[in-house]
There are 2 protein chains.
Amino acid sequence: MAFQHHDQQDAARETSAGVNLGPLPASVCFALRRAQHMVTDDLVRTLQPLNLRPTYFAVLVVIGENPGLNQSEVSAALGIQRTNFVTIIDHLETRGLVERHPSKEDRRSYALHLTEEGREVLNAARQLQAEHEQRLTQKLGQEGRELLLPLLRRLAA
Amino acid sequence: MAFQHHDQQDAARETSAGVNLGPLPASVCFALRRAQHMVTDDLVRTLQPLNLRPTYFAVLVVIGENPGLNQSEVSAALGIQRTNFVTIIDHLETRGLVERHPSKEDRRSYALHLTEEGREVLNAARQLQAEHEQRLTQKLGQEGRELLLPLLRRLAA
DNA sequence: TATTGTTATACTCTATAACTATA
DNA sequence: TATAGTTATAGAGTATAACAATA
């Protein structure tokens, strides 16, 4: 055949130190792991000045876009278990970025809202995150980025 | 309207529950996170019958392909810190899959080798991992997979 | 001095069981 | 009985500092 199967070559790829990694470089799981490590590290450093971890940023985004949701709704939208979400909201509330308002329809739940400072921090974070995203686009190319995102969504679906 | 410009809509995409996720669905970092979660879960379930986590599988692969390496070399090849690698090797040695042989050149370090059982488990794991990989290829399409891997490597570089 | 393996430690993320107060 | 929020707990993964033996 005219074109070679690069998958076969991938299977024998070596690191810079000459270590044979076998099938790992051709594995989507391990490639994802390494890419995510680098990208997350960059986003963590980018949001460092605001003392915001990526997950906390995502929570601010969702509450900012959908004020009044309760904890179960926000955590479900982000794929976080409600049990693990309590600590996150506790932290954001202690920092004065989020408020738990008593819900009028259901006295078991809280309606989540950003404070004024929460909105300011969120706006600053969105700016920094956009710069981080632009850095990735430079790495991938605009076309590369537009190819990558749908492929990742297919994997997550 | 029948068709829409999906690029623009990404920034306002909603979940099935109607929650607005703002810029998150257009973020490479968050898309990576979700994809990796799904893919890793599948690999974990796939290797479950062998009681092998993906990281432990990767360690067996590297030792199998490069017998005689020491702990620092294997851990560096996989991007694991040597300090965190100790527990991993302890576990694999206790299970009888890996042996630490005293190195003849450097009495500080061990030469790592698979046991016979280690080779058997590795072979079985490679078979299961290949099936997992094929499952992902069905999701992505062969072309999708060949687009995805180089993009992920560019991010990790 | 530098490196290999090691221990101790800590922080994040994730996962499960069980409780309380409401519905 | 089911759900929202909570607590307690445990397992991974990842990070740094410091030590003993050896180079």
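Numbered from 1 within each chain, the chains take letters A, B, ... in sequence-line order. All figures in this text were calculated on a predicted structure; none of them were measured in a lab.
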Short N/O separations, protein against nucleotides 18-23 of chain C, under 3.5 angstrom:
{"from": "dA23(C)", "atom 1": "OP1", "to": "R107(A)", "atom 2": "N", "distance (Å)": "2.9"}

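- Rounded to a whole Å, the CG atom of L112(A) is 13 Å from the P atom of dA4(D).
- Applying the 4.0 Å criterion to OP1 and OP2 of dC11(C), one finds that H91(A) has every side-chain N and O outside that range.
- In this structure, L114(A) and L60(A) have side chains that are in contact, with non-hydrogen atoms separated by less than 4.5 Å.
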_As a quick check of understanding, evaluate side-chain hydrogen bond (donor to acceptor under 3.5 Å, both in side chains) for R135(A) and T46(A), giving each step before the final call._
CA-CA 11 Å; R135(A) 216 151 35 232; T46(A) 303; 2.8 Å; yes
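- If you measure from atom CG of N84(A) to atom P of dA8(D), you get 15 Å, rounded to the nearest angstrom.
- Among the heavy atoms of the strands, none lies under 4.0 Å from F85(B).
- Going from atom CD1 of I80(B) over to atom P of dA12(D) covers 14 Å, rounded to whole Å.
- Using a 4.0 Å cut-off between charged nitrogen and carboxylate oxygen, R95(A) and E117(A) do not count as a salt-bridge pair.
- For Q81(A), a side-chain nitrogen or oxygen approaches OP1 or OP2 of dA15(C) to under 4.0 Å.
- Nucleic acid contact for N70(A): sugar-phosphate only, since backbone atoms but no base atoms lie under 4.0 Å from a heavy atom of the residue.
- In this model, a donor atom of one side chain and an acceptor atom of the other lie less than 3.5 Å apart for Q142(A) and E146(A).
- Atom CZ in R33(A) sits about 15 Å away from atom C1' in dT14(C), given to the nearest Å.
- An OP1 or OP2 oxygen of dG5(D) is reached within less than 4.0 angstrom by a side-chain nitrogen or oxygen of S72(A).
- Computed from coordinates, the I88(B) CD1 to dA15(D) C1' distance equals 14 Å when rounded to whole Å.
- Distance NE2 (H101(A)) to C1' (dA4(D)): 18 Å, rounded to an integer number of Å.
- For the residue pair E133(B) / Q129(B), a side-chain donor-acceptor distance below 3.5 Å is found, with atom types taken as modelled.
- In this entry the distance linking CZ of R100(A) with P of dG5(D) reads 9 Å, nearest Å.
- Evaluation of the side chain to side chain donor-acceptor pair (under 3.5 Å) test over residues 56-75 of chain A, restricted to residues two or more places apart or in two chains, returns E65(A)-R126(A), E65(A)-N20(B), Q71(A)-R100(A).
- When the side chains of ILVMFWY residues are joined at heavy-atom separations under 4.5 Å, either directly or via intervening members, L78(B) and M38(A) end up in two distinct hydrophobic clusters.
- Taking side-chain N and O atoms only, T55(B) has a distance below 4.0 Å to OP1 or OP2 of dG13(D).
- Rounded to a whole Å, the NZ atom of K104(B) is 20 Å from the P atom of dT4(C).
- The residue among R53(B) and I89(A) whose nearest nucleotide of DNA chain D is located toward the 5' end is I89(A).
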